[in-house]
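What follows is one structure encoded as structure tokens, with my remarks underneath.
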Amino acid sequence: MIDPRILREEPETVRASQRARGEDESIVDQLIELDERRRSAIARADSLRAEQKQLGKSIGKADGDERETLLAQGKDLAAQVKSAESEQSAAEESFGELHAKLPNVVHPEAPPGGEDDFVTLKHAGTPREFDFTPADHLDLGERLGALSTERGAKVSGARFYFLTGVGAQLQLALLNLAAAQAVENGFQLMIPPVLVRPEIMAGTGFLGEHASEVYRLEQDDLYLVGTSEVSLAGYHSEEIIDLSAGPVRYAGWSTCFRREAGSYGKDTRGIIRVHQFDKVEMFVFCRPEEAEAEHARLLAWEEEMLGKVELPYRVIDVAAGDLGTSAARKYDCEAWVPTQGAYREMTSTSNCTTFQARRLNTRYRDADGKPQLAATLNGTLATTRWIVAILENHQQDDGSVRVPAALRPYLGGKELLQPVS
RNA sequence: GGAGGCUUCGCCUAGUUGGUCUAUGGCGCCGCACUGCUAAUGCGGUUGGGGUUUACGCCCCUCGCGGGUUCGAAUCCCGCAGCCUCCGCCA
């Protein structure tokens, strides 16, 4: 949720943001109107309650006929208060409902437009020239005995897979490398719950437009997280945290679950797009004025990881229309996938400013000791999908795969993954 | 799955015959006074949110959450949640 004061004081900023996202800007005026209705309802109910309290006190002292008269007045007033209160809550509810639908105000420098309107910020490394026809990650993985999508489909359905043997080891190596880097940089490593309550899922902004992406356990009224961002954002909900020593940084290691609704036919081969994968995710709480600098640091840490696994990649400034509900700005790192001849998303870092914290009520005390809303940011350090890029980019003509030096210590020193068949 | 207990303003805590509860006291924290310094002591302040106001201020809500009874609820009633204890079941 955005600050209702911005709606009142700078409605044009919000309209411009909606235009950049390609979304309805009339919502701004509807909200302003509902806000006015809400505030006048509050004022009416407040003053009636004040009157009722005064009267209540005099009833306590009065007796005899006077008391009877006052009691009758009180009864009448109670009815008025009741109706004013129900109008107040109706007004608050209709404002709140629409308010919750309004996405975060985008950063003024984020490129406007849709998915294809991103701006490329940089390229790192160059796609490798192959003197043989490169195999795709599924063929490679099967030959290495590293993964099985067939068994995944048999046991769980489409978009499920087994990581087997060296594949499972490779994923653990990758995630351990990411976790170690995070810890070195002062992050607190966390293994969070992957089932969360509705208010936490809603608080992170995933129950709006993207609700159909989320697995729900109806019997228990819980949601499976699509990223540990959700659990970590909820970690400090309803709290006032200490940010006086700078940003508070967590690295969450978790399995992530996504329904991938509406992606039928896309990326059906291999493990590029799956219902369940593992990820190490950075998550930061900081003061709003620190958020932009922190966003740059998160991006740098993501690039450091991509460098360690020796992948060519580019960094893009994601266009406004392709931002999530909560993000004001987002940078993706996309690694080269040789058999697709394309860059594919490996990491994504978002600056959510105070949008999530406002819903989750996570605050800090400023220099004057006043509670203020914190900013939240997140960014990927490694996921199962990285295996795709690692296998394809480091393959050799005999079907073996070179292990990047940084991963070797986590694979018992192994330099090469060899085909088993 | 069943039974019982607990939940008060950062922490601990008083308050449960409904009305001066505008929530007690202590710790911690902040300010002031006193004082070679520190400590101790004394005085004052210290939940959070919202509405209104140029401002000072005024007002409303907040005793786990949501309803209800009543002119009036921390206090009575109902539902829910969290924590703890016990019983049952179980990897």
Side-chain angles (χ1 to χ4, degrees), chain A residues 1-9 31-100 155 191-203 216-223 231 234-245 248 255 285 287-288 354-374:
Chain A
M1 279 187 282
I2 69 163
D3 187 345
R5 255 174 317 190
I6 291 181
L7 279 172
R8 275 177 249 159
E9 289 162 18
L31 270 170
I32 290 170
E33 202 180 307
L34 286 173
D35 184 40
E36 265 158 28
R37 186 184 143 207
R38 169 187 144 260
R39 282 183 296 148
S40 71
I42 289 171
R44 247 190 324 274
D46 273 6
S47 72
L48 280 168
R49 264 191 298 261
E51 208 181 318
Q52 185 186 36
K53 278 178 76 170
Q54 283 307 112
L55 187 71
K57 265 174 211 174
S58 54
I59 290 175
K61 291 172 202 153
D63 43 24
D65 284 354
E66 197 192 349
R67 190 179 167 93
E68 289 308 310
T69 319
L70 290 176
L71 276 175
Q73 274 182 40
K75 213 160 188 146
D76 180 49
L77 203 49
Q80 288 185 53
V81 168
K82 198 162 188 168
S83 92
E85 279 178 343
S86 71
E87 191 176 328
Q88 176 182 346
S89 57
E92 283 174 338
E93 195 182 328
S94 49
F95 174 77
E97 234 170 70
L98 196 61
H99 190 198
V155 171
I191 296 180
V194 295
L195 284 166
V196 300
R197 300 168 172 285
E199 62 266 28
I200 300 296
M201 189 55 84
R216 177 167 178 225
L217 278 77
E218 204 165 340
Q219 256 190 314
D220 300 286
D221 202 14
L222 290 168
Y223 292 90
S231 320
Y235 188 68
H236 286 304
S237 62
E238 309 294 328
E239 291 182 25
I240 298 178
I241 59 175
D242 185 5
L243 294 179
S244 61
V248 170
T255 301
F285 295 92
R287 298 188 214 111
T354 58
F355 188 87
Q356 291 179 328
R358 183 168 284 105
R359 295 182 173 202
L360 292 165
N361 200 22
T362 299
R363 293 168 296 164
Y364 70 98
R365 290 189 190 278
D366 65 17
D368 300 325
K370 296 286 287 180
Q372 304 287 356
L373 289 163

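Letters go in sequence order (proteins before strands), and every chain restarts at 1. This is a predicted model, so every value here is computed, not measured.
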Review point. Where along nucleotides 63-81 of chain B does protein come under 4.0 Å, by heavy atom, of base (B) or sugar-phosphate alone (S), with - for untouched nucleotides?
Key: ------S-BS--------S
Check your understanding: Looking across every strand, which nucleic acid part, if any, lies under 4.0 Å from A/Arg365 by heavy atom: base, sugar-phosphate, or nothing?
Key -> sugar-phosphate
Practice item. Indicate, with a heavy-atom threshold strictly under 4.0 Å, whether A/Arg8 touches base, sugar-phosphate, or nothing. Key: sugar-phosphate
Could you state the atom-to-atom distance from [atom1] of [X] to [atom2] of [N] in whole Å?
X       : N      : atom1 : atom2 : result
A/Asp46 : B/rU53 : CG    : C1'   : 15 Å
A/Lys53 : B/rC58 : NZ    : C1'   : 13 Å
A/Gln88 : B/rU62 : CD    : P     : 11 Å
A/Gln54 : B/rU22 : CD    : P     : 11 Å
A/Asp35 : B/rG50 : CG    : P     : 12 Å
A/Arg44 : B/rU52 : CZ    : C1'   : 15 Å
A/Glu85 : B/rG51 : CD    : P     : 17 Å

Study note, to complete from the structure: Across all chains, not counting sequence neighbours, the side-chain contact (heavy atoms from CB on, under 4.5 Å) partners of A/Leu222 are A/Leu195, A/Arg197, A/Asp220
**Study point:** A/Arg49 vs A/Ile240, nearer the 5' end of RNA chain B by closest nucleotide
**Key:** A/Ile240
Exercise for review: Mind checking the CD-CD spacing from A/Gln54 to A/Glu51? Nearest 0.5 Å is all I need.
Suggested key: 9.5 Å
**Study point:** Heavy atoms of other groups near A/Ile191 CD1, more than 12 under 6.0 Å
**Key:** no
Practice item. Enumerate the residue pairs fulfilling salt bridge (charged side-chain N to carboxylate O under 4.0 Å, His left out) with a member in residues 73-87 of chain A, sequence neighbours excluded, ordered by first and then second residue. Key: A/Arg44-A/Glu87, A/Arg49-A/Glu85
Point to revise | Over all atoms of both residues, closest heavy-atom pair of A/Met1 and A/Ala100 | key: CG-CA, 4.2 Å
Revision key, fill the gap. Heavy atoms of A/Asp221 and A/Arg216 approach each other most closely as OD1-NH2, 3.2 Å
Exercise for review: Could you please name the option among B/rC61, B/rC59, B/rG48 that lies closest to any side-chain atom of A/Ala50?
Suggested key: B/rC59
Check your understanding: Should A/Arg359 and A/Asn361 be marked as a side-chain hydrogen bond (donor to acceptor under 3.5 Å, both in side chains) after you check the CA-CA gap, both sets of side-chain angles, and the distance that decides it?
Key -> CA-CA 6 Å; A/Arg359 295 182 173 202; A/Asn361 200 22; over 6 Å; no
Point to revise | Ionic contact status for A/Arg287 with A/Asp366, cut-off 4.0 Å | key: no
Revision key, fill the gap. Taking Watson-Crick and G-U wobble contacts under 3.5 angstrom, with | marking pairs to another strand and [ ] crossing pairs, the secondary structure of RNA chain B is written ((((((((.[[[..)...(.....]]]((((((.......)))))).(((((....)))))..[[[[[..)....]]]]])))))))....
Write down the distance separating the [atom1] atoms in [N] and [M], rounded off to the nearest Å.
N      : M      : atom1 : value
B/rA81 : B/rG25 : P     : 37 Å
B/rU22 : B/rC11 : P     : 23 Å
B/rA40 : B/rG31 : P     : 15 Å
B/rU24 : B/rA74 : C1'   : 13 Å

Check your understanding: Quick one: side-chain hydrogen bond (donor to acceptor under 3.5 Å, both in side chains) partners of A/Arg8, sequence neighbours excluded?
Key -> A/Asp35
Practice item. Pull out every residue in residues 36-43 of chain A that has a heavy atom closer than 4.0 Å to any atom of RNA chain B, ordered by number, or say none. Key: A/Arg38, A/Arg39, A/Ile42, A/Ala43
